[in-house]
Number of protein chains: 2
Amino acid sequence: MSARQGRRHEQIADELRRAIADGRYPIGATLPSEAELATAHDASRGTVRQAVSALLAEGLVGSRQGARRVVLSTTPSQSFTELRSFAQWARAGGRTAGGRVITANWDTARADEAGLLQVPHAAPVLRVLRLRTLDEDPVLLERTVYAEWIAPAVAALPHDSESVTQRLYDDTGLVFAHGEHHIDAVAAGTADAEHLRLRRGSPLLRVRRTTTTAEGRPVETSDDRYSPGSVVFTVRNSTQTNPLTRSRA
Amino acid sequence: MSARQGRRHEQIADELRRAIADGRYPIGATLPSEAELATAHDASRGTVRQAVSALLAEGLVGSRQGARRVVLSTTPSQSFTELRSFAQWARAGGRTAGGRVITANWDTARADEAGLLQVPHAAPVLRVLRLRTLDEDPVLLERTVYAEWIAPAVAALPHDSESVTQRLYDDTGLVFAHGEHHIDAVAAGTADAEHLRLRRGSPLLRVRRTTTTAEGRPVETSDDRYSPGSVVFTVRNSTQTNPLTRSRA
DNA sequence: GAGTGGTCTAGACCACCGG
DNA sequence: CGGTGGTCTAGACCACTCA
């Protein structure tokens with residue numbers, strides 16, 4: 001009994017994910033009502049709602065007041081790993097990714113970083129400055145902060161690893177499951193300009209991202225700056241297949 | 001009237017968003033406890049949790065069991081997961097959107113525009129240069145090209161319409177259903193600098209977007225340039241859902 | 001009108017954090 | 001240790017959908 005039994009809502013969510021993936025609820029099918037799920041899992045309606053809202057957030061099901069929930073998608077997206085991993089994205093586009101660590105050192109988390117990584121204030125973290133190249137051109141400067149629990153595995157990697165994501169998966173089985181990306185534009189600072197071979201003040205596309213495991217445990221948070229003209233982010237969305245709305249249906 | 005009273009959790013969330021945007025809770029600050037918020041808003045803890053979880057989803061605050069919630073970001077974040085218009089997005093954050101048309105004139109579609117709008121080459125289009133403000137500050141310069149079929153409705157709008165999206169819906173029933181967004185960074189040109197009150201060469205976040213109706217009919221295509229620090233785009237993804245992809249410039 | 005999801009309440013126990 | 005967030009329950013009322 002010792003194994004972490006608790007968290008009924010996560011169990012219910014997993015059960016539903018499995019059922020959808022298995023095709024027991026194909027696209028367009030309706031899920032059982034909250035009341036039915038509550039009875040079947042011997043849980044309260046609140047717990048069932050917590051479970052279903054996770055699927056809602058993942059875009060697996062859609063929800064409308066008054067109507068049963070509908071399955072929107074059964075197949076996990078393949079392109080997530082592309083988004084997460086610079087190397088995999090480059091390879092998919094037929095280009096060659098390179099990378100090298102410029103500096104790597106232990107430090108303490110700043111307040112915002114501690115929040116993002118969900119670790120105590122001033123907890124030890126590993127800071128890595130890494131330059132990424134595409135077909136030999138420097139295009140991306142990454143300032144990544146790793147949580148303490150994963151940092152040793154990162155520190156053990158070769159400094160010129162082509163794909164950190166792949167190496168971490170091979171070495172530790174770590175899978176990046178969720179990501180959040182904040183995108184804006186900033187002017188290149190001195191270090192940015194030097195490493196990306198630009199003039200100071202050049203416009204850079206900045207992506208601040210935090211990646212977590214499937215359980216929601218934060219792994220790393222990073223400030224990535226892309227050389228202008230090297231990369232464009234594309235988003236497609238619609239009112240009908242909007243998988244990511246939260247409470248506001 | 002349209003004030004849509006009665007969703008306590010949304011009111012509480014808005015109040016917190018406003019407080020964070022105003023700097024009453026700077027980055028790194030802790031939020032009041034759930035119990036305090038519940039008392040202050042005369043709501044139950046469950047309702048407060050629903051409100052706070054929205055901020056959590058938006059990346060404004062972080063959360064760790066046992067510790068108070070921490071403010072991670074004060075910049076308003078514009079989420080693709082909510083296909084909101086600029087004005088609607090501003091209002092949701094408790095801010096005031098303004099806008100005025102600088103120039104509007106008929107022209108013929110360039111080749112790329114014709115392709116995006118799915119109209120014949122050199123078809124007539126309406127070109128509008130529009131400056132958008134947030135709490136009186138100019139933050140966004142839009143260069144929008146409207147297809148001929150919708151252009152008359154656009155041309156008839158007051159030049160200082162707060163929400164073009166809303167007005168078009170009210171006047172014509174038009175609903176923007178799908179969007180495609182390409183995001184990168186560019187340096188401010190002369191016109192950009194003048195209208196956004198920046199120096200030439202300042203980094204701007206550029207979003208080139210094309211919007212279509214539910215039937216897939218293109219309505220407009222636009223080159224939007226955001227003043228630095230005014231807006232952050234946020235994308236959440238996971239192995240299950242991936243609305244964002246990266247592509248070559 | 002019955003069913004269903006959206007919202008809300010008022011409790012409760014636990015795991016974790018901090019001083 | 002007290003405070004806090006994470007989870008859960010067992011009700012309730014409403015808005016909406018659908019047959």
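Within every chain, numbering begins at 1; the chains are lettered A, B, ... in the order of the sequence lines, protein sequences first and strands thereafter.
Counting to the nearest Å, the P atom of dA15(D) and the CZ atom of Arg7(B) are 13 Å from each other. Whole-Å rounding puts the Arg49(A) CZ to dA10(D) P distance at 17 Å. Between the CZ atom of Arg45(A) and the C1' atom of dT4(C) there is a distance of 8 Å, rounded to whole Å. In this structure, CD of Gln50(B) is placed 16 Å from P of dG5(C), rounded to the nearest angstrom. Put simply, CZ on Arg8(B) is 15 Å from C1' on dC13(D), counting in whole angstrom units. One can place CZ of Arg64(A) at 13 Å from C1' of dA15(D), the figure rounded to the nearest angstrom. One can place CD of Gln65(A) at 9 Å from C1' of dT17(D), the figure rounded to the nearest angstrom.
Ion pairing between a basic and an acidic side chain is recognised when a charged N comes within 4.0 Å of a carboxylate O; Glu15(B) and Arg8(B) show no such pairing. Taking a cutoff of 4.0 Å between a charged side-chain nitrogen and a carboxylate oxygen, Arg167(B) and Glu162(B) do not qualify as a salt bridge.
Of the two residues near DNA chain C, Gly46(B) and His121(A), the one whose nearest nucleotide lies more 5' is Gly46(B). If Asp42(A) and Gly66(A) are placed on DNA chain D by their nearest nucleotide, the residue sitting closer to the 5' end is Asp42(A).
Less than 4.0 Å separates DNA chain C from no heavy atom of any residue of residues 26-38 of chain B.
Contact detail for Arg68(A) and Pro32(A): the closest heavy-atom pair is NH1-CA, 3.7 Å. Closest heavy-atom contact between Leu56(A) and Val61(A): CD1-O, 3.3 Å. Of all non-hydrogen atoms in Ala114(A) and Pro120(A), the two that sit nearest each other are CB-O, 3.8 Å. Taking all atoms of both residues into account, the shortest heavy-atom contact from Val52(A) to Leu37(A) is CG2-CD1, 4.2 Å.
Residue Ser44(B) has no polar side-chain atom (N or O) positioned under 4.0 Å from OP1 or OP2 of dG11(C). Regarding contacts with the backbone of dT9(C), a side-chain N or O of Thr47(B) is found under 4.0 angstrom from either OP1 or OP2. In terms of phosphate contacts, Arg68(A) brings a side-chain nitrogen or oxygen within less than 4.0 Å of OP1 or OP2 of dT4(C).
Side-chain atoms of Ser33(B) come within 3.5 Å of backbone N or O of Glu36(B) as a donor-acceptor pair.
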